[in-house]
Amino acid sequence: MSGFTARIRRTRPAATFAMAARARALRAAGHDVISLSIGEPDLPTPDHVIAAAHAAACAGETRYPPIAGTEACRAAVARKFTHDLNRPVAPNQVLITNGGKQAIFNAVMALIEPGNTVLIPAPCWAGYIQVVEFAGGTPVFLPCSASSGFRLDPARLEAAITPASRLLLLNYPNNPSGAVADPAMLEAIAGVLRRHPHVHVIADDIYEHLIFEGAYHTIAGIAPDLADRIVTLSGVSKSYAMTGWRLGFCTGPADWLAAMGLVQGTATAGVSTISQAAAVAALDGPQDLLVERRAIYRHRRDLVLAGLAAAPHLTCTRPDGAFYAFPSIAGLLGRTSPAGRRLATDDDVADALLDEALVATVPGSAFAMPGHIRLSTAASNDALTRACARIAQFCGAVK
């Protein structure tokens with residue numbers, strides 16, 4: 001990569017997309033691959049959302065949008081955040097983004113410079129690592145063990161904070177572990193943050209509606225006195241099965257949002273007007289589908305847990321939210337796969353599962369926690385049943 005910038009040289013492609021690409025290539029070659037590598041709902045976008053998008057297009061809502069979002073979309077999101085945070089949120093306190101990922105990118109690029117560190121509970125979504133390193137910051141991982149339910153220990157957070165610490169990234173429900181935040185944990189984290197006023201927070205709540213045990217809580221709602229340091233974000237991708245519509249949104253302090261809007265205006269400008277009309281319909285329309293779909297994902301979670309329980313050498317902590325399973329494969333390490341591959345790392349296990357069992361997963365090292373693999377449970381019951389059977393057969397045949 002001679003001649004390109006340092007930010008390009010230090011930025012790594014996401015392992016999730018790499019595994020998905022390998023799975024597609026094998027499938028194109030005629031292999032019966034089951035891909036559980038990408039966290040994308042297999043359920044359809046609701047009909048009334050599609051109808052709203054069609055109506056907006058027919059009405060001529062096809063011109064350049066305001067960078068911060070249309071009035072209608074910002075108002076709908078403001079109503080949502082007013083409910084979630086239990087305090088008034090005005091439309092001018094909302095930024096609409098090209099997916100939740102751009103909200104994270106905007107927030108990090110507006111805040112982080114070389115020399116800053118970003119505190120990230122691990123396991124974590126691989127995209128956090130990418131954007132922090134792209135901005136020139138240094139990720140500092142805070143390991144969250146399976147025995148703790150993959151939840152952040154506030155004492156570990158406090159011990160990791162230094163004068164260089166600029167940002168804490170919270171993601172609950174968590175990708176990849178499915179851990180869910182409870183009020184006690186968030187209250188304790190808020191107590192730490194009060195003692196360190198130089199640390200800001202991004203609360204990535206994209207899986208807020210996919211909670212199977214407990215209820216949704218977010219730090220800005222638990223600790224309103226810290227609101228001037230917190231950006232809370234979500235979107236319609238996961239809950240409403242609208243990944244391709246690329247519609248995220250966030251709220252936070254005015255100065256941080258203004259800086260994020262400048263980043264967005266420089267990079268991509270505004271978000272598709274058609275997608276914004278669709279998001280309004282999703283947020284303001286019937287919400288029964290969220291309950292129905294949560295029940296579907298919970299059933300799939302239970303199905304996968306039962307299937308993995310039959311796999312020798314695997315152990316899987318129950319995910320309480322999102323649509324992933326994150327089993328430990330420590331029992332497979334040091335062994336040999338059925339085809340004779342030495343399984344020294346989680347990358348080796350994921351590669352062997354794809355090549356030999358034709359199941360695409362993602363190694364835990366991509367999520368800053370080696371010794372695991374991630375499976376997306378956003379797939380049909382049949383696909384999940386067959387995938388778990390293949391994994392169990394593979395694990396039973398290792399030597």
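If you're wondering where the values come from, they're calculated on a predicted model, not measured in any experiment.
- Partners of Glu133 by salt bridge (charged side-chain N to carboxylate O under 4.0 Å, His left out), not counting sequence neighbours, listed by chain and number: Arg12.
- Sorted by first and then second residue, the salt bridge (charged side-chain N to carboxylate O under 4.0 Å, His left out) pairs with a member in residues 220-244 read Arg194-Asp225; sequence neighbours excluded.
- Pairs engaging residues 271-287 under the salt bridge (charged side-chain N to carboxylate O under 4.0 Å, His left out) rule: Arg79-Asp284 [sequence neighbours left out].
- Residues passing the side chain to side chain donor-acceptor pair (under 3.5 Å) test with Asp348, sequence neighbours excluded: Thr345.
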Side-chain donor-acceptor contacts of residues 70-78 below 3.5 Å, not counting sequence neighbours, with atom names and distances?
from  : atom 1 : to     : atom 2 : distance (Å)
Thr70 : OG1    : Cys73  : N      : 3.1
Thr70 : OG1    : Gln276 : OE1    : 3.2
Arg74 : NE     : Pro91  : O      : 3.2
Arg74 : NE     : Val94  : O      : 3.0
Arg74 : NH2    : Pro91  : O      : 3.4
Arg74 : NH2    : Val94  : O      : 3.1

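- Phe134 pairs by the ring-ring contact (aromatic ring centres under 6.0 Å, His included) definition with Phe105, not counting sequence neighbours.
- Scored by the salt bridge (charged side-chain N to carboxylate O under 4.0 Å, His left out) test, Arg87 finds no partners at all (sequence neighbours excluded).
- Remark: Thr243 engages Glu40 in a side chain to side chain donor-acceptor pair (under 3.5 Å) (not counting sequence neighbours).
- Residue pairs satisfying the ring-ring contact (aromatic ring centres under 6.0 Å, His included) criterion with at least one member in residues 290-319, sequence neighbours excluded, are listed as follows: Tyr297-Phe323.
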Got a list of side-chain donor-acceptor pairs under 3.5 Å for residues 107-115, not counting sequence neighbours?
none

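- Applying the salt bridge (charged side-chain N to carboxylate O under 4.0 Å, His left out) test to residues at least two apart or on different chains, the pairs with a partner in residues 353-371 are Arg22-Asp355, Arg341-Asp355, Arg341-Glu356.
- Within the structure, every pair that satisfies the ring-ring contact (aromatic ring centres under 6.0 Å, His included) test and touches residues 33-85, not counting sequence neighbours, is listed here: Phe81-Phe249.
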